[in-house]
Amino acid sequence: MALIRAVRGMKDILPPESERWQWVETTAREVFRLYGYRELRLPLLERTELFARSIGTDTDIVAKEMYTFIDRHGDSVTLRPEATAQVVRAFLENRLEKGAGVKKYFLMGPMFRYERPQKGRYRQFYQINCEALGSDAPELDAEVILMLWEILGRLKLSNLRLLVNSLGCPECQEDFKAKLKLFLFSREGWCPDCLRRREVNPLRVLDCKSQTCRELLKTAPVLKDSLCEACSRHYSRVLTLLEQFGIDFEEQPRLVRGLDYYTRTAFEVTAAALGAQDAVAGGGRYNGLIRELGGPDLPGFGFAIGEDRLLEVLPEAEGRSADQSVFLAALGRSALERCLTLVQELRGAGLAAEMDFDGRSLKAQMSLADRLGARWVAILGDRELAAGEIVVRDMKSGSQESIRIMELKSALKNLAAAEEGN
RNA sequence: GUGGGCGUAGCUCAGCUGGUUAGAGCACCGGGUUGUGGCCCCGGAGGCCGCGGGUUCAAGUCCCGUCGCUCACCCCA
């Protein structure tokens with residue numbers, strides 16, 4: 001019978017890889033805590049109109065990549081393709097704007113987009129999201145980017161590039177789009193995709209990968225020149241702060257974002273090792289979004305880390321759990337009985353402890369302990385039982401000694417603590 | 001949605017121009033004597049060669065189709 005396979009574009013995350021995921025998430029949580037960000041846990045399913053209204057009907061995400069279906073009640077619902085829209089929805093629905101100061105949230109979990117899978121792109125993929133609502137200060141932009149940088153740094157990621165740009169406010173964008181369109185239609189030789197883009201979404205021509213388009217774009221108008229006074233000041237303040245924070249960044253005047261709601265600061269973190277899908281994180285400011293979704297006119301800033309991609313560039317050695325576990329090897333029936341309670345005592349003391357119930361030979365149990373990655377093995381046979389002792393073996397060094405059974409718990413705790421100190 | 005590459009053991013892969021019972025390394029199970037893992041030695045189990053059809057005396061090998069994986073385009077985290 002043919003086995004049932006996972007749905008296309010969706011993958012299982014298994015040990016030991018899952019431990020690396022935990023480590024990434026734990027690290028991010030810790031940094032979020034330091035900066036005052038608190039966790040939001042939101043549904044995977046939202047009403048379809050939420051994404052249509054926020055992301056933009058003409059974007060690819062909404063036009064052809066959403067998992068949308070009609071539920072049993074006849075409502076159109078969609079598996080979230082990104083997080084910002086639903087964070088804003090929850091923010092408004094729960095009246096969180098009444099809170100004090102800048103509202104800072106993070107969220108992690110799966111997102112869904114119906115795309116053709118490839119390296120670094122899955123139909124169910126994971127994001128670590130961060131959103132700060134309620135301030136338009138350039139200091140906030142810079143601080144959030146700094147926080148992202150802190151997370152990436154703690155994860156020992158290197159060879160990353162931070163690309164920054166400003167998309168301006170809707171007025172600047174209007175002005176720029178007009179100039180750009182004029183330019184695009186005054187030149188010949190665009191690739192077929194760009195011929196389409198210059199009609200539908202001219203900004204996207206700017207990051208076309210085709211060689212000929214790039215050549216043509218060299219004389220294209222630059223967003224920066226179309227920024228209004230206020231947007232321009234905001235942008236340069238952000239850049240100054242990033243410099244002060246000692247963050248290496250590159251201005252990327254052609255960086256645009258695929259979602260309609262972005263304004264002013266936009267940024268992306270890329271990793272060359274990833275191949276075509278090289279953005280590990282991306283984000284920016286979205287000053288009109290909250291009002292667009294029916295709320296007050298509040299500004300917002302946020303980013304998303306592509307967790308799957310991040311894991312691909314995470315150094316191999318990082319995030320592996322250290323082996324600190326104990327294996328109890330019992331010889332004979334009565335020893336096994338004694339071990340059953342001992343193993344629980346160890347766990348009660350916070351030590352990871354396991355044993356075998358099948359009455360295998362000591363050799364087999366030692367071998368098992370080794371393969372399970374036990375750091376220490378405690379051996380209990382008739383001889384030890386009679387003497388009230390137990391043998392503790394260090395699996396790394398191979399040395400072992402006999403101690404009182406009563407002292408097992410404290411002895412192992414000391415060993416584990418000593419290990420931790422190194 | 002479009003294009004390229006690839007489907008042989010749990011994993012990574014050999015298998016020459018079609019020719020007998022399809023191989024290796026790693027992993028797994030057992031053994032190398034009495035109560036001690038890793039290393040070494042010996043043995044074992046494990047494959048409708050993705051699936052369907054065709055050509056042929058003969059197909060893992062050639063042809064067609066199909067499904068899947070993968071990389072790239074598109075788009076994005």
Side-chain angles (χ1 to χ4, degrees), chain A residues 1-3 5-9 11 14 55 58-66 80-84 108-130 148 191-194 196-197 200-201 204 207-210 255-259 262 266-271 274-284 302-313 327 329-332 335 360-385 391-400 402:
Chain A
M1 199 168 68
L3 290 174
R5 307 168 44 90
V7 171
R8 183 170 167 82
K11 65 177 178 194
L14 312 171
I55 302 172
D58 291 334
T59 60
D60 277 33
I61 294 180
V62 173
K64 53 184 194 189
E65 294 174 359
M66 294 206 302
R80 63 182 183 196
E82 62 107 34
T84 304
M108 33 185 88
M111 308 291 156
F112 303 83
R113 289 183 203 172
Y114 192 88
E115 299 180 271
R116 191 83 172 259
Q118 76 184 70
K119 186 177 173 67
R121 195 174 74 184
Y122 311 96
R123 288 183 174 181
Q124 175 172 336
F125 60 102
Y126 296 79
Q127 284 191 347
I128 296 174
N129 255 266
C130 166
L148 169 62
C191 71
D193 285 319
C194 285
R196 182 176 51 80
R197 289 188 185 113
V200 189
N201 196 349
R204 292 236 68 100
D207 60 2
C208 180
K209 286 169 187 163
S210 131
L255 173 72
V256 293
R257 315 246 69 223
L259 289 68
Y262 282 109
F267 68 97
E268 208 165 279
V269 178
T270 62
L274 276 176
Q277 311 299 322
D278 65 350
V280 174
F303 68 78
I305 295 174
E307 204 175 349
D308 311 72
R309 293 178 187 178
L310 188 138
L311 264 292
E312 283 198 46
V313 290
F327 187 92
L331 291 163
R360 301 178 209 231
S361 68
L362 181 57
K363 185 190 176 77
Q365 290 186 69
M366 291 300 293
S367 170
L368 187 60
D370 182 46
R371 283 175 301 169
L372 291 175
R375 183 65 184 78
W376 299 279
V377 174
I379 304 162
L380 188 66
D382 293 335
R383 289 208 298 264
E384 288 79 15
L385 207 52
V391 173
V392 174
R393 180 177 178 86
D394 182 320
M395 294 296 272
K396 221 177 252 176
S397 68
S399 62
Q400 61 185 48
S402 195

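Numbered from 1 within each chain, the chains take letters A, B, ... in sequence-line order.
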Determine the interatomic distance between P on B:rU55 and the same-named atom on B:rA45; round to the nearest Å.
-> 38 Å

Take the protein atom CE of A:Met366 and the nucleotide atom C1' of B:rG38, then report the distance between them rounded to whole Å.
-> 10 Å

Do A:Asp308 side-chain atoms and A:Gly120 backbone N/O form a donor-acceptor pair below 3.5 Å?
-> no

Hey, does A:Lys11 reach any base, or is it just sugar-phosphate, or nothing, if we go heavy atoms under 4.0 Å?
-> nothing

Base, sugar-phosphate, or nothing for A:Ile379, non-hydrogen atoms under 4.0 angstrom?
-> base

Checking side-chain contact (heavy atoms from CB on, under 4.5 Å) against A:Tyr122, which of A:Lys11, A:Gln277, A:Met111 comes through?
-> A:Lys11

Which nucleotide, in any strand shown, forms a Watson-Crick or G-U wobble pair with B:rU61, with both distances under 3.5 Å?
-> none

Across all strands shown, which nucleotide pairs with B:rC6 by Watson-Crick or G-U wobble geometry, both distances under 3.5 Å?
-> B:rG68

Please tell me if the side chains of A:Arg375 and A:Asp394 come closer than 4.5 Å, counting only heavy atoms from C-beta onward.
-> yes

Can you find a donor-acceptor N/O pair under 3.5 angstrom joining the side chain of A:Gln400 to the base of B:rU36?
-> yes

Counter-base of B:rG38, judged by Watson-Crick or G-U geometry with both distances under 3.5 Å | none

Rounding to a whole Å, what distance do you find between A:Leu331:CG and B:rU36:P?
-> 9 Å

Look only at the side chain of A:Glu115 and the backbone of A:Glu65, and say whether a donor-acceptor pair between them is shorter than 3.5 Å.
-> no

Grab the N/O contacts between the protein and nucleotides 28-31 of chain B below 3.5 Å, and write none if there aren't any.
unit_1	atom_1	unit_2	atom_2	d
B:rC28	OP1	A:Arg371	NH1	3.2
B:rC29	OP1	A:Arg371	NH1	3.4
B:rC29	OP2	A:Arg371	NH1	2.5

Would you please test A:Glu82 and A:Arg113 for salt bridge (charged side-chain N to carboxylate O under 4.0 Å, His left out) and show each step?
-> CA-CA 9 Å; A:Glu82 62 107 34; A:Arg113 289 183 203 172; 5.8 Å; no

Have a look at A:Arg5 and say if it touches a base, only the backbone sugar-phosphate, or nothing, with a 4.0 Å heavy-atom cut-off.
-> sugar-phosphate

Does the side chain of A:Leu148 reach to within under 4.5 Å of the side chain of A:Cys130, using non-hydrogen atoms?
-> no

Gap in Å between the two P atoms, one belonging to B:rA59 and one to B:rG19, rounded | 11 Å

When you compare B:rC48 with B:rG7, how far apart are their C1' atoms, in angstrom units rounded to a whole number?
-> 16 Å

Rounding to the closest angstrom, what is the interatomic distance between B:rC75 and B:rC13 at atom C1'?
-> 35 Å

C1' gap between B:rC11 and B:rG52, integer Å = 28 Å

Between A:Arg309 (side chain) and A:Arg121 (backbone), is there a donor-acceptor pair under 3.5 Å?
-> no

Can you find a pair of side-chain heavy atoms, one from A:Met366 and one from A:Ser361, that are under 4.5 Å apart?
-> no

For the side chain of A:Arg8 and the base of B:rG68, is some donor closer than 3.5 Å to an acceptor across the two?
-> no

Could you tell me which nucleotide pairs with B:rG25 by Watson-Crick or G-U wobble geometry, both distances under 3.5 Å, or answer none if nothing does?
-> B:rC11

Taking the same atom, C1', in B:rC62 and in B:rU17, what whole-Å distance lies between them?
-> 12 Å

Determine the interatomic distance between C1' on B:rA9 and the same-named atom on B:rC71; round to the nearest Å.
-> 26 Å

Validation row: A:Asp382, A:Leu331 side chains within 4.5 angstrom (heavy atoms) | no

Heavy atoms under 4.0 Å is the rule here; annotate nucleotides 72-77 of chain B 5' to 3' with B where the base is hit, S where only the sugar-phosphate is, and - elsewhere.
-> BBBBBB

A:Glu384 (side chain) and B:rG35 (base): donor-acceptor pair under 3.5 Å | yes

Separation of atom CZ in A:Arg375 from atom C1' in B:rG38, rounded to whole Å | 14 Å

Can you find a heavy atom in the side chain of A:Arg123 that is under 4.5 Å from one in the side chain of A:Val7?
-> no

Would you mind pulling out the nucleotide paired to B:rA77, Watson-Crick or G-U wobble, both distances under 3.5 Å?
-> none

Rounded distance (nearest 0.5 Å) linking atom CE of A:Met395 with atom OG of A:Ser399 = 11.5 Å

Expressed as a whole number of Å, how far does the C1' atom of B:rC6 sit from that of B:rG60?
-> 15 Å

